[in-house]
Asker: 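Quick one: this structure, given as structure tokens, is what I'll be asking you about.
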Amino acid sequence: MKVTTRRQVLIEQMNFLESNGMGCAGCSGTCCTYEANSMLITPTEAIELIQFLIKENMLNDDLKVKLSDTIKKYRLMPKYPNERSYLRKTYTCPFFHHKEFGCPLPREIKPYGCLAFNSHHPEIKNSEQCFSEVELLKRRQDDHPEEHTLNEKYRKDLGLNWQKAPIPNAILEIWEKFSFFHQGLD
């Protein structure tokens, strides 16, 4: 599956770090909160998330309210409404503390930036020893040039005026724009 393939190098790095005692399991998840999270995702990542949410029966009115509340609480409005470009702002991810502690999104669907933000110190209890592996993200992007074309296609076909958006904005805009997402995608 291409979704996993595009994430493979990032997942392998997470697995390597975990096998060397530098995983996220003992952490409080600061990186998912307003203290450290400013994650922006592409249209492709947003659509993959929506497809997963539909499959898992998680795309519902409760999630819609949570996404809207996150946007309002952290003022994740576009920089210029007509351009729909977003400044990086910190916010708590709407998927953090879903039903139990942590994130309900499996690695095979997580945003690339989430997968690349890793612990590099044993016994992490917060994100102080974590950082984004920018070079690994660049390598992942270089390994999948077709993704740029896919993002441009989605932007054009869906009438999106942004390259990247905060997770709640991206999901909500695409979801609200097209009611066929409520029934599922092919």
Side-chain angles (χ1 to χ4, degrees), residues 3-4 6-46 48-50 52-53 56 58-60 62-79 85-141 162-173 175:
V3 171
T4 302
R6 288 195 308 269
R7 289 168 174 78
Q8 193 61 41
V9 68
L10 301 171
I11 293 170
E12 287 172 2
Q13 176 67 358
M14 283 186 86
N15 291 341
F16 170 78
L17 290 168
E18 281 180 344
S19 69
N20 286 289
M22 296 176 275
C24 300
C27 183
S28 64
T30 308
C31 62
C32 300
T33 71
Y34 67 91
E35 293 179 48
N37 176 50
S38 62
M39 185 62 53
L40 300 175
I41 61 173
T42 64
T44 300
E45 291 171 283
E48 291 168 354
L49 274 170
I50 289 169
F52 169 80
L53 295 169
E56 296 298 315
M58 294 170 65
L59 196 64
N60 54 42
D62 290 340
L63 179 60
K64 188 174 188 176
V65 168
K66 193 168 191 175
L67 295 170
S68 296
D69 287 350
T70 301
I71 292 167
K72 288 176 193 161
K73 181 176 181 176
Y74 297 102
R75 299 179 186 172
L76 299 175
M77 309 310 174
K79 180 179 174 184
S85 62
Y86 292 90
L87 295 173
R88 279 199 182 270
K89 292 183 177 181
T90 58
Y91 65 96
T92 297
C93 180
F95 295 106
F96 185 66
H97 287 295
H98 185 64
K99 287 188 179 177
E100 62 269 346
F101 182 71
C103 179
L105 304 176
R107 290 179 181 176
E108 294 75 25
I109 203 68
K110 281 185 190 291
Y112 308 132
C114 296
L115 293 170
F117 194 83
N118 290 305
S119 164
H120 290 270
H121 190 275
E123 301 180 25
I124 292 297
K125 301 296 182 226
N126 57 42
S127 63
E128 289 175 6
Q129 297 294 326
C130 303
F131 59 86
S132 183
E133 298 188 54
V134 177
E135 290 303 316
L136 194 59
L137 284 167
K138 287 178 184 173
R139 184 173 128 207
R140 189 217 66 79
Q141 186 175 343
W162 44 269
Q163 299 286 328
K164 287 187 171 187
I167 293 170
N169 301 66
I171 293 172
L172 197 57
E173 181 177 349
W175 181 17

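Throughout, numbering of the chain's residues begins at 1 and tracks the sequence. None of the values given here were measured: they were computed from a predicted structure.
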Asker: Which label fits Y74 and Y91: parallel for a plane angle under 30°, tilted from 30 to 60°, or perpendicular past 60°?
Answerer: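 Answer is tilted, since the angle falls between 30° and 60°.
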Asker: Tell me, do M58 and F52 make a side-chain contact under 4.5 Å, heavy atoms counted?
Answerer: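 Yes - at least one pair of side-chain heavy atoms lies under 4.5 Å apart.
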Asker: Heavy atoms, side chains only, cut-off 4.5 Å: are T92 and C32 in contact?
Answerer: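 Side chain of T92 against side chain of C32, heavy atoms only: no contact under 4.5 Å found.
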Asker: Once rounded to the nearest 0.5 Å, what's the spacing between atom OG1 of T90 and atom CD of E35?
Answerer: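 If I round to the nearest 0.5 Å, the distance is 9.0 Å.
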Asker: Go through it in stages, so that I can follow the logic: the residues are Y112 and L137, the test is side-chain contact (heavy atoms from CB on, under 4.5 Å), and I'd like the CA-CA distance, side-chain angles, deciding distance and then a yes or no.
Answerer: CA-CA 7 Å; Y112 308 132; L137 284 167; 3.8 Å; yes
Asker: Taking K66 for its side chain and P94 for its backbone only, find out whether a donor-acceptor pair lies under 3.5 Å.
Answerer: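 It does hold such a pair.
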Asker: Any side-chain heavy atom of N37 within less than 4.5 Å of one from C31?
Answerer: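 Side chain of N37 against side chain of C31, heavy atoms only: no contact under 4.5 Å found.
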Asker: Assess the residue pair Q163 and T42 against the criterion (side-chain contact (heavy atoms from CB on, under 4.5 Å)); give the C-alpha distance rounded to whole Å, side-chain angles, the decisive distance to 0.1 Å, and a yes or no.
Answerer: CA-CA 6 Å; Q163 299 286 328; T42 64; over 6 Å; no
Asker: Where do W162 and E173 land on the side-chain contact (heavy atoms from CB on, under 4.5 Å) test, with the steps shown first?
Answerer: CA-CA 11 Å; W162 44 269; E173 181 177 349; 2.7 Å; yes
Asker: Once rounded to the nearest 0.5 Å, what's the spacing between atom CZ of F96 and atom OG1 of T33?
Answerer: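 Going from the CZ atom of F96 to the OG1 atom of T33 covers 6.5 Å.
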Asker: Heavy atoms only: give me the nearest L10-A116 pair and the separation to one decimal.
Answerer: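 Looking at all heavy atoms of both residues, the closest pair is CD2-CB, 4.0 Å.
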Asker: Between P111 and L49, which heavy-atom pair has the shortest distance, and what is it?
Answerer: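 Between these two residues, the closest heavy atoms are CG-CD1, 4.3 Å.
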Asker: When you look at CD of Q141, are more than 12 heavy atoms from neighbouring residues, nucleotides or ligands closer to it than 6.0 Å?
Answerer: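 Counting neighbours around CD of Q141, 12 or fewer heavy atoms of other residues, nucleotides or ligands fall under 6.0 Å, so no.
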Asker: So F95 and T70, do their side chains get closer than 4.5 Å, heavy atoms only?
Answerer: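 No - every pair of side-chain heavy atoms lies 4.5 Å or more apart.
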Asker: Starting from the C-alpha separation in whole Å, work towards a yes-or-no answer on side-chain contact (heavy atoms from CB on, under 4.5 Å) for M22 and N118.
Answerer: CA-CA 8 Å; M22 296 176 275; N118 290 305; over 6 Å; no
Asker: Just by modelled atom types, is the K110 backbone N or O under 3.5 Å from a matching donor or acceptor in the R7 side chain?
Answerer: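 Answer holds: yes.
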Asker: Keeping the roles fixed (side chain from S132, backbone from F117), state whether a donor-acceptor pair exists under 3.5 Å.
Answerer: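 Such a contact is absent between S132 side chain and F117 backbone.
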Asker: When you measure from the side chain of N60 to the backbone of D62, do you find a donor-acceptor pair of N or O atoms at a distance under 3.5 Å?
Answerer: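 Answer holds: yes.
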Asker: Does L76 offer a backbone N or O that forms a donor-acceptor pair with the side chain of K89 under 3.5 Å?
Answerer: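 Not at all, since once roles are kept as given, no pair shorter than 3.5 Å links the two residues.
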Asker: Give, for atom NZ of K64 and atom CG of L59, the distance between the pair rounded to the nearest 0.5 Å.
Answerer: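 Nearest 0.5 Å value for the NZ-CG distance: 9.5 Å.
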Asker: Taking only residues two or more places apart in sequence or in another chain, which ones pass side-chain hydrogen bond (donor to acceptor under 3.5 Å, both in side chains) with Q13?
Answerer: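 With sequence neighbours excluded, Q13 shows a side-chain hydrogen bond (donor to acceptor under 3.5 Å, both in side chains) to E133, given in chain and number order.
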Asker: When rounded to the nearest 0.5 angstrom, what is the spacing between CD in Q8 and CZ in R107?
Answerer: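 Interatomic distance, Q8 CD to R107 CZ, rounded to 0.5 Å: 11.5 Å.
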Asker: Quick one: pull up CG in L172 and CD1 in I167 and give me the separation to the nearest 0.5 Å.
Answerer: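 L172 atom CG to I167 atom CD1 measures 13.0 Å (nearest 0.5 Å).
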Asker: To the nearest 0.5 Å, how far apart are OG in S68 and NZ in K73?
Answerer: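 If we round to the nearest 0.5 Å, S68:OG and K73:NZ are 14.5 Å apart.
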Asker: Looking at every non-hydrogen atom in both residues, tell me the closest pair between L40 and K164 and how far apart they are.
Answerer: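 Heavy atoms of L40 and K164 come nearest at CB-CB, 3.8 Å.
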Asker: Checking A46 now: which residues fulfil side-chain contact (heavy atoms from CB on, under 4.5 Å) with it, not counting sequence neighbours?
Answerer: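 Only I41, A170, I174 meet the side-chain contact (heavy atoms from CB on, under 4.5 Å) criterion with A46.
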